[in-house]
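Right, one structure below, let's go through it.
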Amino acid sequence: MDNLAKQAIGVFDSGVGGTSIWKEIHKLLPNENTIYLADSKNAPYGIKSKSAIRDLCVKNTDLLLEKGCKIIVVACNTATTNAISFLREKYNVPFIGIEPAIKPATLNSKTKKVGILATKGTLSSELFLETSSIYSKGITLIEQHGSGIVELIEGGKIDSKEMSTLLHYYLQPMIDANIDYLVLGCSHYPYLKPQLELILPDYVQIIDSGHAVARQTRAVLEANNLLNEQSEYPEIQFFTNQNPTVLSELIGKHYSITELDF
Ligand code: DGL
């Protein structure tokens, strides 16, 4: 096995939400060393300009490359849709991005009405507009900015009254429009599934992109001969620049977290 294969998979997000993607990667590739960066100090990315989002992505990528990562997973829809082509041009390392799973939702919808909850930055990006125009022929997409949701999750308020009020407010127009799929277009949102299931009618399917990202990561590692075949327990590192308690609640107390100013 090539020495580079032993290097870590680097994962970053605007905060704690990308751990929903990290969990899928760790489940599918349990031998891999991983490094996760939670840029919580700069969350939310979704209300920032494209150039500000790119600058933050460069900062995160530089840090992961300094730590020797062999591949970078951009575990943030907002960062992917605004910066992934720029990152691929700038760096000589494979990047995996995450985009809202519109394709399976629109292909399988029977009511031909699909809801999508994502940040303003994702829904207004060129990449999202391109993808949605390809897959939404004959489908009504009901798009909703999830303003305020990321802030509540970053503040440790997943199960709060404020969250419940916001979710009801955002979902009711989709329910009224008769959606049968809800696409979660932000890596923070899978943590809301239990609440979303309580609000939505039973026939509405909720889909996110976590597993697809993990499979794509494995495929790209395989194609580049970078799969880590070690049998010993992998090294798993988490770094955050704010509020380690919230991160720890989501990943479990048995992982240690390093606070770092980045
Ligand atoms: N997890 C990020 C995403 O997937 C949250 C964006 C934000 O920080 O606004 O879009």
Side-chain angles (χ1 to χ4, degrees), residues 10-25 36-61 64 72-84 86-87 95-102 105 115-129 131-132 143-158 163 166-167 170 182-193 196 206-214 216-217 238-243 246-247 249-251 262:
V11 182
F12 77 82
D13 177 39
S14 62
V16 298
T19 55
S20 65
I21 311 299
W22 173 84
K23 285 177 185 174
E24 297 283 354
I25 293 171
Y36 183 91
L37 293 188
D39 191 14
S40 294
K41 191 174 76 184
N42 292 301
Y45 282 11
I47 51 170
K48 293 184 170 30
S49 67
K50 186 172 175 130
S51 70
I53 295 169
R54 280 180 176 183
D55 290 348
L56 292 166
C57 290
V58 166
K59 166 187 75 76
N60 299 333
T61 301
L64 288 171
I72 309 289
V73 179
V74 182
C76 175
N77 292 256
T78 311
T80 300
T81 52
N82 284 279
I84 195 113
F86 173 79
L87 294 171
F95 280 89
I96 306 294
I98 174 168
E99 285 183 66
I102 310 180
I116 165 149
L117 193 59
T119 68
K120 182 164 174 267
T122 294
L123 293 175
S124 60
S125 68
E126 281 162 38
L127 191 56
F128 175 77
L129 295 177
T131 317
S132 62
E143 298 174 15
Q144 176 64 56
H145 298 168
S147 311
I149 296 178
V150 167
E151 289 90 327
L152 287 175
I153 295 176
E154 290 291 324
K157 293 183 175 170
I158 290 184
M163 184 68 86
L166 260 189
L167 294 180
Y170 290 153
L182 172 65
V183 177
L184 303 183
C186 170
S187 57
H188 281 68
Y189 300 170
Y191 287 113
L192 302 172
K193 266 191 196 158
L196 294 169
I206 302 173
I207 46 176
D208 65 69
S209 320
H211 187 59
V213 171
Q216 179 66 5
T217 306
F238 286 92
F239 294 91
T240 182
N241 50 19
Q242 195 167 281
N243 211 347
V246 176
L247 182 57
E249 269 159 22
L250 295 180
I251 58 174
F262 63 90

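Nothing fancy with the numbering, it's 1 onward along the sequence. Just follow the structure's listing: the first ligand is 1, and inside any ligand the first atom is 1. Since we're looking at a predicted model, the values are computed, not measured. Reckoned from all heavy atoms, side chains included, excluding hydrogens, waters and symmetry mates.
- Atoms of ligand 1 lying under 4.0 Å from at least one heavy atom of D13, given by number and element, are 1 (N), 2 (C).
- Near P44, with a cut-off below 4.0 Å to any heavy atom, the atoms of ligand 1 are 7 (C), 8 (O), 9 (O).
- With hydrogens left out, the protein atom closest to atom 6 (C) of ligand 1 is T78 OG1, 3.3 Å, a heavy atom.
- Within the structure, the closest approach of C76 to ligand 1 falls below 4.0 Å when heavy atoms are considered.
- Judged as a side chain to side chain donor-acceptor pair (under 3.5 Å), and not counting sequence neighbours, the contacts of T119 are T78, T122.
- Residue-ligand proximity, T119 to ligand 1, at heavy-atom distances under 4.0 Å covers atoms 6 (C), 9 (O), 10 (O).
- Here N77 has heavy atoms under 4.0 Å from ligand 1 in both its backbone and its side chain.
- Looking at atom 7 (C) of ligand 1, its nearest protein heavy atom turns out to be Y45 N, 3.2 Å.
- Protein heavy atom nearest atom 9 (O) of ligand 1, with residue, atom name and distance: G46 N, 2.7 Å.
- Taking a 4.0 Å cut-off on heavy atoms, G17 fails to register as neighbouring ligand 1.
- Closest approach of P190 to S187, counting heavy atoms only: CD-O, 3.3 Å.
- A donor-acceptor contact closer than 3.5 angstrom is absent between the side chains of E99 and T80.
- Partner of Y45 under the side-chain hydrogen bond (donor to acceptor under 3.5 Å, both in side chains) criterion, out of D13, N82, D39: D39 alone.
- The distance from the NZ atom of K48 to the OG atom of S14 is 8.5 Å, given to the nearest 0.5 Å.
- Residues Y191 and T19 have side chains that bring a donor and an acceptor to within less than 3.5 angstrom of each other.
- Remark: side-chain polar atoms of Y36 are paired, donor with acceptor, to backbone N or O of G18 under 3.5 angstrom.
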